[in-house]
Number of protein chains: 2
Amino acid sequence: MRIGELAKATETRVETIRWYEKVGLLQHNSRTTGNYRTYGEPELARLSFIRRARALGFSLDQVRELLDLAETDGQDCAAVDRLAAAQLKAIDQRLEDLQALRAELSKLLRACEGGSVTNCRIIEALAPRAV
Amino acid sequence: MRIGELAKATETRVETIRWYEKVGLLQHNSRTTGNYRTYGEPELARLSFIRRARALGFSLDQVRELLDLAETDGQDCAAVDRLAAAQLKAIDQRLEDLQALRAELSKLLRACEGGSVTNCRIIEALAPRAV
DNA sequence: CTTGACCCTATAGCGGCTTCAGGGTGCATG
DNA sequence: CATGCACCCTGAAGCCGCTATAGGGTCAAG
């Protein structure tokens with residue numbers, strides 16, 4: 001399988017695949033005579049894994065750890081669990097931040113809707129004190 | 001006022017202020033004989049505005065737009081409103097994504113907790129099909 | 001006269017790619 | 001056999017919004 005095919009199969013951009021190679025996440029099988037990368041099933045599986053983990057918000061470093069753990073035979077499920085739990089906690093934190101931010105912003109927007117044409121309340125709210 | 005003072009007053013790092021200058025968001029008043037930047041009230045106000053807008057999740061480009069709008073006398077409140085509304089929409093989208101992600105991840109975690117020692121269900125779930 | 005807090009510039013680095021420049025490969029069509 | 005086109009290659013730079021690092025200068029107090 002060539003890189004474009006692998007890209008399609010995993011919904012990854014070709015450049016991203018080459019980039020994963022550069023940072024040591026995914027190797028290619030071999031090369032054709034024309035110097036094209038080729039991939040087999042294991043690479044497809046590995047890239048799928050990577051993409052799934054990325055979609056769950058894991059960093060590339062975390063993905064590396066997960067891959068290591070996945071590949072050691074004596075599974076350390078606890079380590080995986082720790083990683084996933086940490087990730088969940090980080091997501092919860094970001095959710096909280098984002099929700100606070102949303103509340104602020106929508107307060108601002110409500111102020112604007114009620115505002116007059118001559119005075120933009122959003123600008124006022126952002127300004128340090130009565131600009 | 002020197003840069004350190006301004007930094008303290010706005011809870012901004014000194015380096016960030018210099019960076020805002022580099023990207024054309026905030027100028028300094030003048031320089032001392034010792035080549036130190038100096039700032040006055042208008043710069044303090046402007047930086048406060050920038051920081052507030054940033055804290056609400058606006059990009060630097062959006063902040064630039066907001067500053068332009070804030071400084072034109074004939075206010076275009078509608079334009080400000082559009083910007084803020086777009087920002088709110090973007091935040092809502094990110095919230096949605098993040099919530100979906102959270103659900104996925106916590107499903108994974110629940111699977112792991114119930115799993116046996118010999119088979120990590122998180123790894124299984126990430127793998128394309130029964131690695 | 002030295003110490004220390006503050007300031008300066010220029011440059012590189014972060015994550016996670018994306019884009020660009022400047023080519024080569026390989027297959028179908030004229 | 002030439003041409004076109006989709007696909008592939010490498011290497012380097014660019015994106016955002018800073019942060020960090022190196023290697024200096026300024027200035028007031030002790």
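So that the names make sense, note that chain A is the first sequence line, chain B the second, and so on, each numbered from 1. Keep in mind that the numbers below use all heavy atoms, side chains included, and drop hydrogens, waters and symmetry copies.
Heavy-atom distances to DNA chain D give each of B/T16 and A/V14 a nearest nucleotide, and the one nearer the 5′ end belongs to A/V14. In terms of position along DNA chain D, the nucleotide closest to B/D61 lies nearer the 5' end than the nucleotide closest to the other residue of the pair B/R13 and B/D61. Take the nearest nucleotide of DNA chain C for A/E15 and for A/T32: the residue whose nucleotide is more 5' is A/E15.
If you measure from atom CD1 of B/I3 to atom P of C/dA5, you get 19 Å, rounded to the nearest angstrom. Distance, B/R18 CZ to C/dT9 P: 7 Å, rounded to whole Å. Rounded to an integer number of Å, the gap from A/R2 CZ to C/dC27 P is 8 Å. Regarding B/K8, its NZ atom lies at a distance of 8 Å from the P atom of C/dC7, rounded to whole Å. Distance A/I17 CD1 to D/dC7 P: 14 Å, rounded to the nearest Å. Atom OH in B/Y36 sits roughly 11 Å away from atom C1' in D/dG24 (whole-Å rounding). One interatomic measurement links the two molecules: CG of A/L26 to P of C/dG16, which rounds to 16 Å at whole-angstrom precision. One interatomic measurement links the two molecules: NZ of B/K22 to C1' of D/dC15, which rounds to 16 Å at whole-angstrom precision.
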Query raised in the report: Do A/S30 and A/T38 pass the side chain to side chain donor-acceptor pair (under 3.5 Å) test, and can you show the C-alpha distance, the side-chain angles, and the key distance before you say yes or no?
Result: CA-CA 6 Å; A/S30 57; A/T38 62; 2.9 Å; yes
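The base of C/dG16 has none of its N or O atoms less than 3.5 Å from a complementary donor or acceptor on the side chain of A/Y20.
Residue A/N35 has its side chain nearest to D/dC9 when only D/dC9, D/dT19, C/dG26 are considered. Closest to the side chain of B/W19, from the set D/dC18, C/dC7, C/dG16, is D/dC18. With distances taken from any side-chain atom of A/L60 to the nucleotides D/dC27, C/dC17, D/dC18, the minimum falls on C/dC17.
Contact annotation: A/T12 does not reach the phosphate of C/dC17 (side-chain N/O to OP1 or OP2, under 4.0 Å). In terms of phosphate contacts, B/R51 brings no side-chain nitrogen or oxygen within less than 4.0 Å of OP1 or OP2 of D/dG17. Contact between the side-chain N/O atoms of B/R37 and the OP1/OP2 oxygens of C/dT9 is found at a separation under 4.0 Å.
Counted by atom type alone, B/R51 and B/Y20 present one or more donor-acceptor pairs between their side chains at under 3.5 Å.
Comment: A/R64 engages A/D61 in a salt bridge, judged by a side-chain N to carboxylate O separation of less than 4.0 angstrom. Classification of A/R46 and A/E43 as a salt-bridged pair fails, no side-chain N sitting under 4.0 Å from a carboxylate O.
To the nearest 0.5 Å, the span separating OG1 on A/T12 from CG on A/L6 amounts to 7.0 Å.
Residue A/S59 is classed as a sugar-phosphate contact, given heavy-atom separations below 4.0 Å to backbone atoms only.
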